[in-house]
Amino acid sequence: MMDFGDSVLAMTEKIPRGRVTNYGEIAKALGDVRLARAVGQALKKNPRPVKVPCHRVVCSDGRIGGYSRGVSEKIKLLSAEGIVVENNRILDLERIFVSSSELIKS
DNA sequence: ATAAGGGCACCGC
DNA sequence: CGCGGTGCCCTTA
């Protein structure tokens with residue numbers, strides 16, 4: 001059960017510290033970009049805090065997106081990793097962005 | 001089994 | 001560039 005969600009969590013865990021990705025990439029890594037929403041659901045459900053850096057997952061447009069515990073907290077976590085967030089937006093997104101290929105790679 | 005919601009992505013205006 | 005509407009998948013009630 002929760003096979004899908006588990007996969008999502010696994011991908012999320014593979015996101016290096018100080019880097020971020022978007023739901024779509026994770027979805028693509030799982031096979032389809034349309035799974036993006038489902039991905040968000042999986043993270044929202046309640047992954048394993050700290051073990052799964054769901055805060056490193058943002059929107060495809062570079063927006064912070066949402067966060068179960070509050071966007072503010074998410075931004076705080078990102079900042080703590082050196083990720084610059086301005087106006088609910090990630091700066092230098094492409095610089096820290098992790099492609100689906102990277103996620104698929106183990 | 002059916003219905004509704006959700007941490008989205010994409011296209012069009 | 002910004003906003004709004006639509007479509008997909010999965011999960012929970």
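Every chain is numbered from 1 and lettered A, B, ... according to where its sequence line falls, protein lines coming before strand lines. Quick note: numbers below take in every heavy atom, side chains included, and nothing from hydrogens, waters or symmetry partners.
The distance from atom CG of A:D61 to atom C1' of C:dC3 is 13 Å, rounded to the nearest whole Å. Between the P atom of B:dA9 and the NZ atom of A:K28 lies a distance of 10 Å, rounded to the nearest Å. Summarising the geometry, the separation between CZ on A:F97 and P on B:dA9 is reported as 10 Å, rounded to the nearest angstrom. Distance A:L30 CG to C:dT11 C1': 15 Å, rounded to the nearest Å. In this entry the distance linking CG of A:D32 with P of C:dG7 reads 17 Å, nearest Å. The separation between A:N46 atom CG and C:dC10 atom P is 20 Å, rounded to whole Å. The nearest whole Å value for the distance from the CD atom in A:Q41 to the P atom in C:dC10 is 12 Å. Between the C1' atom of C:dG7 and the CG atom of A:L35 lies a distance of 13 Å, rounded to the nearest Å.
For A:G65 against A:C59, the heavy-atom pair with the smallest separation is CA-SG, 3.3 Å. A pairwise comparison of heavy atoms in A:R19 and A:R95 identifies NE-O, 3.9 Å as the closest pair. Of all heavy-atom pairs between A:A42 and A:G5, the closest is CB-CA, 3.8 Å. Here the shortest heavy-atom pairing between A:R89 and A:R63 reads NH2-NH2, 2.7 Å. For A:A27 against A:A36, the heavy-atom pair with the smallest separation is CB-N, 3.3 Å.
Mapped onto DNA chain C by nearest heavy atom, A:R63 and A:A36 fall at different nucleotides, with A:R63 at the one closer to the 5' end. Take the nearest nucleotide of DNA chain B for A:A38 and for A:V58: the residue whose nucleotide is more 5' is A:A38.
In this structure, A:V84 belongs to a hydrophobic cluster whose other members, linked by side-chain heavy atoms under 4.5 Å apart, are A:L91. Using a 4.5 Å cut-off between side-chain heavy atoms of Ile, Leu, Val, Met, Phe, Trp and Tyr, A:V57 falls into a hydrophobic cluster with A:F4, A:V8, A:L9, A:M11, A:I15, A:Y23, A:I26, A:L30, A:L35, A:V39, A:L43, A:V52, A:V98, A:L103.
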Check: Given pairs defined as Watson-Crick or G-U wobble with both distances under 3.5 Å, what dot-bracket annotation applies to DNA chain C, with ( ) intrastrand, [ ] crossing, | other strand and . unpaired?
Finding: .||||||.|||||

Notebook entry, point to check: Where do A:L77 and A:I83 land on the side-chain contact (heavy atoms from CB on, under 4.5 Å) test, with the steps shown first?
Noted result: CA-CA 9 Å; A:L77 290 168; A:I83 299 173; over 6 Å; no

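A:K45 comes within 4.0 angstrom of sugar-phosphate atoms only, judged by non-hydrogen atoms across all strands, and of no base. Within 4.0 Å of A:V71, counting heavy atoms only, lies no atom of the nucleic acid at all.
Within residues 3-24 of chain A, the residues that have a heavy atom under 4.0 Å from DNA chain C are, in order of number, A:F4.
Between the CZ atom of A:R69 and the NZ atom of A:K76 there is a distance of 10.5 Å, given to the nearest 0.5 Å.
By the salt bridge (Lys or Arg N to Asp or Glu O under 4.0 Å) test, A:K14 is found to be paired with no residue, residues two or more places apart in sequence or in another chain being considered.
Among the nucleotides C:dC9, B:dC10, C:dT12, the one closest to any side-chain atom of A:S60 is B:dC10.
Under 4.0 Å is where a charged nitrogen must lie from a carboxylate oxygen, and between A:E13 and A:R48 no such pair does.
A:H55 and A:E73 share no side-chain donor-acceptor pair at under 3.5 Å.
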Which pairs, protein N/O on one side and nucleotides 11-13 of chain B N/O on the other, fall under 3.5 Å?
none

